[in-house]
Amino acid sequence: HGESGGPAGWVFETQPGEGAAGQVARMVEVVVESGRWMYQVVSDKGCALRSRCSTSASSKTGAGPQKGAVVGVGQRTRVGDTTFLRLKDGSGWVFDRKDGRQIVAGAFEAQGGGNG
């Protein structure tokens with residue numbers, strides 16, 4: 001289960017405009033939850049690992065879990081309609097949805113006392 005009221009952080013949120021020059025970026029305060037959750041990748045293309053809470057191509061660090069994979073998550077933070085998920089194994093961040101498309105589904109509470 002999650003602990004709300006965890007450490008607060010700041011992220012840049014970009015508002016769409018007319019082309020890149022018309023976009024407006026603003027700082028938004030977010031709460032980072034810590035806990036133990038399980039999510040399942042549902043996107044046909046899987047999901048790329050990210051170095052930070054961002055959907056931009058520049059944050060991609062490589063291929064991530066593929067469709068059907070169940071991943072353990074230790075931290076999560078919501079920015080707008082997207083929840084960013086930090087994988088328990090420390091390999092990076094993924095997100096649950098982009099442009100209204102579901103990428104990973106969950107959360108399912110992790111069961112305690114297991115081997116994994």
List the residues meeting side chain to side chain donor-acceptor pair (under 3.5 Å) with [X], not counting sequence neighbours, and say none if there are none.
X     : answer
Thr83 : Arg78
Ser51 : none
Gln40 : none
Ser91 : Asp89

[Y] side chain reached by [X] side chain, heavy atoms, under 4.5 Å:
X      : Y      : answer
Val104 : Val71  : no
Leu85  : Phe95  : no
Val70  : Phe108 : no
Leu87  : Val94  : yes
Glu33  : Gln75  : no

Seminar exercise, completed: Here the gap from Thr55 atom OG1 to Lys60 atom NZ, rounded to the nearest 0.5 Å, amounts to 10.0 Å
Exercise. Looking at NZ of Lys98 and CD1 of Ile103, how far apart are the two atoms once the value is rounded to the nearest 0.5 Å?
Worked result: 8.0 Å
Please give me the minimum heavy-atom distance between [X] and [Y], naming the atom from each residue.
X     : Y     : value
Thr77 : Cys53 : CG2-SG, 3.7 Å
Gly72 : Met38 : CA-SD, 3.7 Å
Trp93 : Arg86 : CE3-N, 3.4 Å

Problem set entry | Side-chain donor or acceptor of Ser59 paired with backbone N/O of Ser54 under 3.5 Å | yes
Exercise. Is the backbone of Gly64 close enough, under 3.5 Å, to the side chain of Gln66 for a donor and an acceptor to pair up by distance?
Worked result: yes
Return all side-chain donor-acceptor pairs below 3.5 angstrom for residues 41-48, not counting sequence neighbours, or 'none' if the list is empty.
| from | atom 1 | to | atom 2 | distance (Å) |
| --- | --- | --- | --- | --- |
| Ser43 | OG | Lys45 | N | 3.3 |
| Asp44 | OD1 | Lys67 | NZ | 2.7 |

For this session: Please name all residues satisfying side chain to side chain contact (heavy atoms under 4.5 Å, CB included) with Ser58, sequence neighbours left out, ordered by chain then number.
Result: Arg52, Ser56
Seminar exercise, completed: Sorted by chain and number, sequence neighbours left out, side chain to side chain contact (heavy atoms under 4.5 Å, CB included) with Lys88 holds for Arg36
